Number of protein chains: 2
Amino acid sequence: MSERIFNFSAGPAILPVEVLEEARESLLNFQGTGIGIMEHSHRGKAFSGVLAQTIADCRKVAQIPDDYQVLFMQGGASSQFFTIPMNLLSSDDTADYLVTGSWSKKAVAQVKRFGTAHKAASSEDRNFCYIPTETNYSEAPKYVHMTSNNTIFGTQFATEPSVPHGVPLICDASSDIFSRPLDIRKYGMVYAGAQKNLGPSGVTLVIVRNDLVEQANTEIPEMLQYRTFAENDSCYNTPPTFGIFIMGLVFQWILKNGGLEEMGRSNEKKASILYDYLKTSELFSATADSDSQSMMNVTFVTGNELTDKKFIEAATAAGFDGLKGHRSVGGMRASIYNAFPEEGVVELVRFMKDFESKA
Amino acid sequence: MSERIFNFSAGPAILPVEVLEEARESLLNFQGTGIGIMEHSHRGKAFSGVLAQTIADCRKVAQIPDDYQVLFMQGGASSQFFTIPMNLLSSDDTADYLVTGSWSKKAVAQVKRFGTAHKAASSEDRNFCYIPTETNYSEAPKYVHMTSNNTIFGTQFATEPSVPHGVPLICDASSDIFSRPLDIRKYGMVYAGAQKNLGPSGVTLVIVRNDLVEQANTEIPEMLQYRTFAENDSCYNTPPTFGIFIMGLVFQWILKNGGLEEMGRSNEKKASILYDYLKTSELFSATADSDSQSMMNVTFVTGNELTDKKFIEAATAAGFDGLKGHRSVGGMRASIYNAFPEEGVVELVRFMKDFESKA
């Protein structure tokens, strides 16, 4: 750990050291097989074991019942944006979207080729600095889509929004999946690109209820149908084996470290160290409304672009990497996913206080 | 190397030891950045450097001119099967397919939603044991699609087939890309899932001429348009950064080891050691016609299923892994991709001779 620096990158992002160490030991010779983990056939005994264990551990982490599938797909959340309406909408159908940031907007933009998107809520009026509490659902939405955490704007749903009875809630949880307890029964589907809390980029975790898999369009290419992945244990074609392997190690790391309850406690503590300081600081302030603040991405500014720039430069030089905010918000962003150590947050606040005292 | 065994897996497959060793050193701390390679932002300096170098090295390996794009996509060759007609065909268009195995057939099956597939040649009459030499092209195909190497049936095009003047040739080269010199000018597009000769599964290399990128359908989801990848250096969304990194190391390994000329010489030598023995053996025989034999996947049988089974068991016990043939051909398959050492082929032939002498 000594040579590693504090990596606040929004994604791809920091992974647990123990996971990286185990991956390192598996690259040339996985579990004494004489073959590296990346070199094992996806249909061979070694990888089949990894796949089964990863699915089992995923189910254990989030207590996922049998009527939900655990699938590994490719193409990131961005591919889910079109895959969801392609599978679930007919041209006369409407799907409702809660628009809380750039990723939600991108998801909405993909609906038009397959059906109609209705914006049931939006916080765009104030540059997405809050999570809307009022919703205006359409008459009969096929599903409601939400983005649980908004990486760019530093906001997060504190809890699930209420949706019309019987309508499946679909959640892009790319940037906060498994960061706190998850009541999967409240969702029809939860999906996440791996590269924040779960593993390397290039694998997408999809947890989806059977009825949604079954009702999906059969007229689209097989590689875009959820049922193809469900019916073939994600091995219809060669899956991203290494990414799945790393995800499995991350699931084991979560289980070893107290599960989602403990992840939630730890993340809340880390975030509150930063937010508490931001509340008292006269130099720095949080950009998100206090009732909507993300535990994963803490966004803040000084109110002066030049000072922001100076701060980022000084922080980078001091070993705090990846703090530059997204260009649409400016300022700073500290991404403190599951694997990010509390120590790093404490050190950052110390550095910020020091910077403030000299400003 | 001492603990590693001979891995004849058809894919995911053996990678160069030097590549795995460098990957191992990069997992916790990539080039002294204090951040592991998987944890670096895809928009940061470290990974941007990896990406640019990987593209440059790919161009160098195959002398790819500027009017071709080098793209990194996801979803494997199986996703290209539908993405190609989706991008390039209108409903009135026909595309011609050279059908030389299971993968070609899967590619053909994906065309119907977008246009018409015409089988311009097929070797299915003899269970794909040869590469057809006669072609029957349609009047005005939008493109001709071929599979250069047929993993399952152990056949390979010795050279490019002739195609109607001006019609782009599109090649699924998943299992023999960069195994020998490649004259990219003869192709409109060459694509390959990484997991045989290039890296881990989960990244697809697409080399495509600009005119095909430009003429492609704009009415399909952005994540399925080649132009989205071309216009954004494969970073419209988060690419599979680790897979690209490994692919880059493999390109450097190819360049260090004499480039494609030397890959070709080495692969020809390895394959001929096996084929020469198969010609003289009274127990084993090659399944592919002699003018169509693959340098990547050597398929052979004893003619007796029970003996095949005994041989595979004995070989596995002796440290020769992954020799079981695909169920549609039966028997044995020795996949000897670029990274497979000549020593392993010599040892296998020695083992086969010994087995034969005791049979």
Side-chain angles (χ1 to χ4, degrees), chain A residues 3-5 7 9-15 17 20-21 23-25 27-29 32-36 38-42 44 47 73-79 81-83 86 110 113 193 195 199-203 219-224 236-243 246 319 321-322, chain B residues 3-7 9-15 17 20-21 23-24 27-29 32-36 38-42 44 47 73-79 81-83 86 110 113 193 195 199-203 219-224 236-243 246 319 321-322:
Chain A
E3 291 173 21
R4 282 167 60 86
I5 64 173
N7 177 13
S9 171
I14 187 169
L15 291 169
V17 175
L20 296 175
E21 284 172 345
R24 189 173 57 182
E25 297 312 306
L27 278 193
L28 277 102
N29 190 346
T33 53
I35 293 173
M38 284 189 272
E39 306 169 300
H40 270 288
S41 166
H42 58 300
F47 181 74
M73 298 178 73
Q74 296 187 52
S78 294
S79 293
F81 295 166
F82 74 81
T83 307
M86 193 185 235
Q110 292 301 314
R113 295 183 183 93
Q195 66 270 16
S201 57
V203 51
E219 298 303 309
I220 59 177
E222 283 75 7
M223 281 295 293
L224 297 174
Y236 175 76
N237 76 328
T238 316
T241 57
F242 185 74
I246 298 289
D321 198 77
Chain B
E3 290 174 21
R4 283 168 58 87
I5 64 173
F6 293 121
N7 177 12
S9 171
I14 186 169
L15 290 169
V17 174
L20 296 174
E21 284 172 346
R24 188 173 58 183
L27 278 194
L28 277 103
N29 188 346
T33 54
I35 294 173
M38 283 190 275
E39 306 168 299
H40 270 289
S41 166
H42 59 300
F47 181 74
M73 298 179 74
Q74 295 187 53
S78 294
S79 292
F81 295 167
F82 74 81
T83 307
M86 193 185 236
Q110 292 302 315
R113 295 183 183 92
Q195 66 270 17
S201 56
V203 51
E219 298 304 309
I220 58 178
E222 284 75 6
M223 281 295 294
L224 297 173
Y236 175 76
N237 77 328
T238 315
T241 57
F242 185 74
I246 298 289
D321 199 77

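Just so we're on the same page: letters track the sequence lines, and every chain starts at 1. Remember, predicted model here, so these are calculated numbers, not experimental data. Only heavy atoms go into these numbers, but all of them, side chains included; no hydrogens, no water, no symmetry mates.
- When each of A/Leu27, A/Ile246, A/Val203 is checked for heavy-atom pairs under 4.5 Å with chain B, A/Leu27 comes out on top.
- No side-chain donor-acceptor contact under 3.5 Å links A/Asn7 to the backbone of B/His40.
- For a residue to count as touching a neighbouring chain, one of its non-hydrogen atoms must lie under 4.5 Å from one of that chain's; by this rule B/Met86 touches chain A with the side chain only.
- Heavy-atom distances place both the backbone and the side chain of B/Ala23 under 4.5 Å from chain A.
- The CG atom of A/Leu20 lies 5.0 Å from the CE atom of B/Met38; values are rounded to the nearest 0.5 Å.
- In this structure, chain A has no heavy atom under 4.5 Å from any part of B/Thr83.
- Per-residue heavy-atom pair counts under 4.5 Å with chain B were compared for A/Pro240, A/Gly32, A/Gly243, and the maximum is reached by A/Pro240.
- For the set B/Ala10, B/Ser9, B/Gly36, the entry with the most heavy-atom pairs within less than 4.5 Å of chain A is B/Ser9.
- With a 4.5 Å cut-off on non-hydrogen atoms, B/Ile220 touches chain A through its backbone but not through its side chain.
- For the set A/Gly75, A/Gly44, A/Gly11, the entry with the most heavy-atom pairs within less than 4.5 Å of chain B is A/Gly75.
- With respect to chain A, the highest number of heavy-atom pairs below 4.5 Å among B/Pro200, B/Ser78, B/Gly76 belongs to B/Ser78.
- Interface remark: of the candidates B/Gly202, B/Pro221, B/Ala77, B/Gly199, B/Pro221 forms the most heavy-atom pairs closer than 4.5 Å to chain A.
- When B/Ile35, B/Thr33, B/Asp321, B/Asn29 are compared by the number of non-hydrogen pairs under 4.5 Å with chain A, B/Ile35 comes out ahead.
- When each of A/Glu222, A/Arg113, A/Met223, A/Glu25 is scored by its heavy-atom pairs under 4.5 Å with chain B, the top score falls to A/Arg113.
- With sequence neighbours left out, B/Thr241 forms a side chain to side chain donor-acceptor pair (under 3.5 Å) with A/Ser201.
- Residue B/Arg24 touches chain A through both its backbone and its side chain, counting heavy-atom pairs closer than 4.5 Å.
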